[in-house]
Amino acid sequence: KYYPPDFDPSKIPKLKLPKDRQYVVRLMAPFNMRCKTCGEYIYKGKKFNARKETVQNEQYMGLPIFRFYIKCTRCLAEITFKARGSGSTDPENTDYAMEHGATRNFQAEKLIEEEEKKLQREREEEELNNPMKILENRTRDSKLEMEVLENLQELKELNQRQARVDHEGLLSLHRELEERERKREKEEDERETREMLEQALVKRLRDSDSDSEEERVAGSGRATLHSADRPTDILTTDRQVDTLGQAPSSSTVKRPRVESWERSVGGLGGGALGALVVKKKPPPTTQPPQAPAAAGKGQRRL
């Protein structure tokens, strides 16, 4: 950049900016909070594009205090909190201060610590100008210390009693009980299995007896059916006719076994249809006539 020889920096007009000017900065939520408008939880470390401004007429030991504006991620309600410059803490309370739009979560521990500090300060102020109060506090502290020692001694005795316990013996006893329980369960399973097998065997024997009876009844029924005359017996077997011209009953005649295909087609050997089949006769054999020669010889002799 070129500066002429007659350049006077004091003549440059200064830019006047408003003291409450806001800047857009990128920051993370310094603590867990909950929005008052919609109840949305905003967790620590969540990033926001915040607006930063300097708090007017408020300083701490000459240090400026800044205010930040963020928006709820759900309802876009404005949330504000204060902090000190680049140190990220409120210098008086060493922490951030919530102003508007949300409530800070998990403050129980902080409140307890503040209450303890407050009680300690009050006690110190009381003991400053009251010797009797100092004596009372010392007596109370000594009594509390004795109670703590007694409780500690009871805990030590309890630990010693537990230390005398035979852990190996307890474990072995526990193993024996488990083994005994396992054997009992095994015996019960075997007994139940044996009972089931016996019941199955008895049922099978009953079924076999009933099947044998059914087969016997069926066999006798089949015998009676075979003994009766069948309408198709004429196709397979010949009737034996006695001299009186009457066929004997089928119960007295033993028939050969008939195959299934012969029952439907019938045989060609006999029966009423057997007469329809004519067997081919063999051709007659002719012998040369020898009678005339024998007669001629006899006449010559005569």
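In what follows, every heavy atom counts, from backbone to side chain, and hydrogens, waters and symmetry copies are set aside.
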Exercise: identify the closest heavy-atom pair between Ala29 and Phe48: CB-CE1, 4.1 Å

Just jot down the side-chain hydrogen bond (donor to acceptor under 3.5 Å, both in side chains) partners of Glu198, sequence neighbours excluded, or say none. none

Strictly by side-chain hydrogen bond (donor to acceptor under 3.5 Å, both in side chains), give each pair with a member in residues 127-141 just once, sequence neighbours left out. Arg123-Glu127, Arg123-Asp141, Glu127-Asn137, Asn137-Arg140

Could you list who else is in Tyr69's hydrophobic cluster, with ILVMFWY side chains joined at under 4.5 Å, directly or through other members? none

Can you tell me how far apart OG1 (Thr54) and CD (Gln59) are? Round to the nearest 0.5 Å. 9.5 Å

Over 12 non-hydrogen atoms of neighbours within 6.0 angstrom of CZ in Arg204: no

Within the 4.5 Å heavy-atom criterion, are Glu157 and Gln153 side-chain neighbours or not? yes

Leu170 and His174: side-chain contact (heavy atoms from CB on, under 4.5 Å), yes or no, with the steps? CA-CA 6 Å; Leu170 291 176; His174 183 66; over 6 Å; no

Closest contact, heavy atoms only, Tyr41 versus Asn105: CD2-ND2, 3.5 Å

Can you name the closest pair of heavy atoms from Cys35 and Cys75 and give their distance? SG-SG, 3.8 Å

Verdict with reasoning, Arg182 to Glu179, per salt bridge (charged side-chain N to carboxylate O under 4.0 Å, His left out): CA-CA 5 Å; Arg182 195 179 300 110; Glu179 187 68 23; 2.5 Å; yes

Please go through Leu197's hydrophobic cluster and name the other residues, only I, L, V, M, F, W, Y counting, with side-chain heavy atoms under 4.5 Å joining them. none

Once you round to the nearest 0.5 Å, how far does CD of Glu176 lie from CG of Leu171? 11.5 Å

Side chains of Ile112 and Glu116: closer than 4.5 Å at any heavy-atom pair? yes

Is it true that the side chains of Asn49 and Arg26 contain a donor and an acceptor less than 3.5 Å apart? yes

Sequence neighbours excluded - side-chain hydrogen bond (donor to acceptor under 3.5 Å, both in side chains) pairs with any residue from residues 185-194: Arg184-Glu188

To the nearest 0.5 Å, atom CD1 of Ile65 lies from atom CD of Glu53 at 12.5 Å

Determine whether Asn151 and Glu154 make a side-chain contact, defined as any pair of heavy atoms from C-beta on separated by less than 4.5 Å. yes

Check whether Ile70 and Val25 end up in the same hydrophobic cluster, where Ile, Leu, Val, Met, Phe, Trp and Tyr are linked by side-chain heavy atoms less than 4.5 Å apart. yes

Nearest-0.5 Å distance, CD of residue Glu147 to OG of residue Ser142: 10.0 Å

Pairwise side-chain contact, Met33 with Ile79, heavy-atom cut-off 4.5 Å (strictly under): yes

Side chains of Arg67 and Lys52: closer than 4.5 Å at any heavy-atom pair? no

Gap between atom CG of Leu149 and atom NZ of Lys156 - 0.5 Å precision: 8.5 Å

What verdict does the side-chain contact (heavy atoms from CB on, under 4.5 Å) test give for Val55 and Phe66, after you've listed the backbone C-alpha separation in whole Å, the side-chain angles of each residue and the deciding distance to 0.1 Å? CA-CA 5 Å; Val55 180; Phe66 296 98; 5.7 Å; no

Quick one: does Arg34's side chain have a donor or acceptor within less than 3.5 Å of a partner on Gly39's backbone? yes

Can you tell me how far apart CE (Met98) and CZ (Phe81) are? Round to the nearest 0.5 Å. 7.0 Å

Write down the atom of Met28, the atom of Lys47, and the distance for their closest heavy-atom approach. CG-CG, 3.5 Å

Is the shortest heavy-atom distance from the side chain of Lys36 to the side chain of Thr103 under 4.5 Å? yes

Note, Glu150 side chain near Glu145 side chain (heavy atom, < 4.5 Å): no

Shortest non-hydrogen pair, Pro30 vs Lys44, comes out as O-CE, 3.5 Å

Steps toward salt bridge (charged side-chain N to carboxylate O under 4.0 Å, His left out) verdict (Lys82, Glu99): CA-CA 7 Å; Lys82 293 190 300 184; Glu99 280 191 333; 3.8 Å; yes

Residues clustered with Ile12, ILVMFWY side-chain links under 4.5 angstrom: Tyr3, Phe7

Considering only heavy atoms from C-beta outward, does the side chain of Thr73 approach that of Lys46 to under 4.5 Å? yes

